[in-house]
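Indexing begins at 1, ligand by ligand and atom by atom, following the structure's order.
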Amino acid sequence: MAFFQDPPRLGNQYDDDPVLADYLARTLPPDVLAAIAPELRALGEASGGELYAAQLADRLNEPVHTPWDPWGNRIDHIEVSPLWKRAARLAAERGLVAAAYEPAHGPFARVHQFALVHVVGPSLDIYSCPLAMTDGAARTLIDAGNQPLIDHAVPHLTSRDPAVAWTSGQWMTERTGGSDVSTTETIARPAPDAPGAWTLHGTKWFTSATTAEMALTLARPEGNGPGSKGLALFFVQVKGADGRMRGITVNRLKDKLGTRKVPTAELTLDGCPATPVIGLGDGVRHITPMLSITRTWNAVSAASGMRRALALARDYAGRRHAFGAALADKPLHVDTLAGLEAEYAGALLLSFRAVELLGRRERGVATEADERLARALTPIAKLTTGKQAVAVASEAIESCGGAGYVEDTGLPRLLADAQVLPIWEGTTNVLSLDTLRALAKGGTLEAVADEIRAHLARATDASLAAPARTAAAAIDAAGRWAATALTDPVRMEAGARRFALTLGRTLELAYLVTHAQWCLDHDRGPRAAAAARRFARNGVDLIAAMDDASHDDARLLVG
Ligand code: MFK
């Protein structure tokens, strides 16, 4: 009989993931873990079962933009995929945003929320994008303290009722750039007959998830000066009571490499009514709570994307036979997947450490050191995990051979969707410079180094001595590099990415070491220690080899 290959399958995405389960057991008080475990298990079952099947069945459905109705009216209707409609209901009911704002688990509310996201996110076709912005918008409005807007929008943004829940967009990128938003060209004008009201005029070049009910956006009030200080943060209610967009035209949907279910659009704003969120300047500063939240989502989504890719690759390795044995029994295949497992474990621990700190800050229990650490950890986690996610997805699809390159297996999407993670919400280089900006505040590099050393100090098992030494040497080298590079802005900027990635990878290794020690101490086996050792062998120090000649060589190479 002819041979047909079994496709890879997924199990319960909570029960099958010892890294998440051990992390939650280590971090959460037992009563909190007992309260949330049943919903994680239920979501894990759906995520690996019916939702994954629905995702594969929905593969070719993409959002469709209909600009006009049959009678010539401009309607700009965007029809999203069936799975997205289901995801919207599920996200509200399961509290994928709401859980962060509910009182039940105090400072652990964020860990609860992001554990849910981690388990189910990879089966929702990047519905995490509108959810991230919705969460960021709620946080930004609350931080801005604009009570009428808080009363108007936050109950919708944080609702568990699908009939009431809103999503929010974040319209920042213009043709002038997605990184340097200080060059925003959109103008805000006072509305002629409504005191306090404004209208917006300009083009937004990438607006993710354009089906949202509201958006936060930047515009320059007429007469304001240039740069980001002259921009203001505005709230936009996208549709009027008649269901039509208000002074907004959808020019087209973007034709993207991945995230193809996300209706990312180009918009023209021409008389779009808008309300200032907080003052009429410093718009970039005022939108940074949004950036911090979406970057945290990005980091968690990177970790969960890696986990999904590995779950499929590992299952496939058990089903696929070649050269007389299952791939899972081939030493080289095992070695390849092991390197990726260690990367995933490090990414999960780093991204959830950022989540813990966010939760502590929001519930008012953060120390000064937590505050400093959190400011640096957010960009570091985002940039480090984004790169890991692409590398892991690429290897995972390669480990499935030709099947990994064939669209209707669903596998190539893992890579196409991962590739957005180092781009949106700040590219690796922009986030590296943001890391320098964070570290420029006194004591922040020390806070990162203290965090690493405190975690390494918890390792008592001899099997963790070597990875702990690797991490300690890397943070020492990073500190030495920073001390000498500080005097030379060109050298500092040129090395920023290697420096930030060294901090990110060293943090990951330190968390892996601590986590492994806890697992050994709590009868959870030696797997986590193996992850720490393997991660150390994968390498963490990217900066020690940088010297004065590095930048000269770079100039020679790129002219
Ligand atoms: C699964 C995950 C899903 C995620 C979905 C998201 C979908 C949305 C898609 C998108 O919208 S992608 C586009 C997102 N765009 C960005 O992330 C922008 C990237 N560029 C940057 O982050 C630049 O660094 C930045 C625009 C902030 C630089 O602008 P400026 O004008 O040169 O900023 P400047 O002057 O350094 O900082 C202005 C103020 O903000 C300063 O405060 P002060 O006014 O008090 O001095 C800074 O300290 C503060 N600031 C800047 N970055 C900050 C920050 N504060 C806290 N955290 C930060 N990260």
Side-chain angles (χ1 to χ4, degrees), residues 96-97 114 117-118 121-122 124-137 139-140 143 167-174 176-184 204-210 212 215-218 220 226-231 233 254 256 258-259 262-265 279 281-305 351 354 358 361 371-372 374-383 385-386 389 417-418 420-441 444 496:
L96 297 189
V97 173
F114 278 109
V117 170
H118 181 74
L124 298 183
D125 272 349
I126 321 292
Y127 196 74
S128 47
C129 167
L131 295 178
M133 296 187 292
T134 301
D135 190 350
R139 184 76 262 151
T140 303
D143 284 2
T167 54
S168 175
Q170 166 199 349
W171 301 348
M172 285 174 68
T173 300
E174 301 204 353
T176 46
S179 298
D180 183 2
V181 296
S182 70
T183 55
T184 291
K204 295 291 174 182
W205 187 239
F206 275 93
T207 59
S208 289
T210 309
L216 295 183
T217 190
L218 297 174
R220 195 176 308 281
S228 67
K229 289 215 171 299
L231 295 172
L233 176 61
K254 294 289 196 187
K256 296 167 293 176
T259 69
V262 181
T264 306
D282 287 320
V284 168
R285 174 151 55 83
H286 293 316
I287 205 168
T288 55
M290 173 81 123
L291 301 183
S292 298
I293 297 283
T294 52
R295 287 169 185 175
T296 307
W297 274 79
N298 207 92
V300 171
S301 298
S304 52
S351 55
L358 173 64
R361 293 174 93 190
E371 293 281 352
R372 272 198 292 270
R375 173 66 183 92
L377 231 60
T378 307
I380 290 172
K382 193 281 185 186
L383 72 93
T385 58
D417 287 348
V420 83
L421 294 163
I423 295 177
W424 69 7
E425 290 314 312
T427 62
T428 308
N429 283 0
V430 166
L431 270 287
S432 300
L433 297 175
D434 190 52
T435 303
L436 294 188
R437 190 194 279 117
L439 296 180
K441 297 220 162 76
T444 305

Is the shortest side-chain heavy-atom distance between [X] and [Y] below 4.5 Å?
X	Y	result
W424	C129	yes
T210	T264	no
F114	T296	yes
M172	E425	no
E174	D180	no

Residue part near ligand 1, for T173, under 4.0 Å between non-hydrogen atoms: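 Side chain only.
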Within reach of ligand 1, part of R295 (heavy-atom separation under 4.0 Å):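 Near ligand 1, R295 shows its side chain, while the N, CA, C and O stay back.
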T444-K441 side chain donor-acceptor pair, cut-off 3.5 Å: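 Result is no, nothing qualifies.
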Using a 4.0 Å cutoff against the non-hydrogen atoms of [X], which atoms of ligand 1 qualify?
X	result
A132	3 (C), 4 (C)
G178	15 (N), 16 (C), 18 (C), 19 (C)
V181	26 (C)
S301	1 (C)
S208	7 (C), 8 (C), 9 (C)
D434	52 (N), 53 (C), 58 (C), 59 (N)
C129	3 (C), 5 (C), 7 (C)

Which atom of G386 lies closest to which atom of P422, heavy atoms considered: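 Heavy atoms of G386 and P422 come nearest at O-CG, 3.6 Å.
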For [atom], the protein heavy atom that lies nearest, with its residue and separation:
atom	answer
atom 30 (P) of ligand 1	S228 OG, 4.0 Å
atom 54 (C) of ligand 1	T288 CG2, 3.3 Å
atom 58 (C) of ligand 1	R375 NH2, 3.2 Å
atom 29 (O) of ligand 1	V284 CG1, 3.9 Å
atom 24 (O) of ligand 1	R437 NH2, 3.3 Å
atom 6 (C) of ligand 1	E425 OE2, 3.0 Å
atom 3 (C) of ligand 1	W424 CZ2, 3.5 Å
atom 20 (N) of ligand 1	S179 O, 2.9 Å

Nearest 0.5 Å, please: how far is [atom2] in [Y] from [atom1] in [X]?
X	Y	atom1	atom2	value
T435	L383	OG1	CG	5.0 Å
S182	L218	OG	CG	10.5 Å
K382	T427	NZ	OG1	7.0 Å

Between [X] and ligand 1, is there a nitrogen or oxygen pair with a distance under 3.5 Å?
X	result
T294	no
K229	yes
S128	no
D282	no

Salt bridge flag under 4.0 Å for residues K256 and D417: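 Between D417 and K256 there is no salt bridge, as every charged N stays at least 4.0 Å from the carboxylate O atoms.
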Trace of the side-chain contact (heavy atoms from CB on, under 4.5 Å) decision for Q170 with L291: CA-CA 9 Å; Q170 166 199 349; L291 301 183; 3.5 Å; yes
Worked check of side-chain contact (heavy atoms from CB on, under 4.5 Å) between V262 and V420: CA-CA 12 Å; V262 181; V420 83; over 6 Å; no
Q170, R285, K382: member with heavy atom nearest to atom 42 (O) of ligand 1: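 Comparing heavy atoms across Q170, R285, K382, the nearest one to atom 42 (O) of ligand 1 lies in R285.
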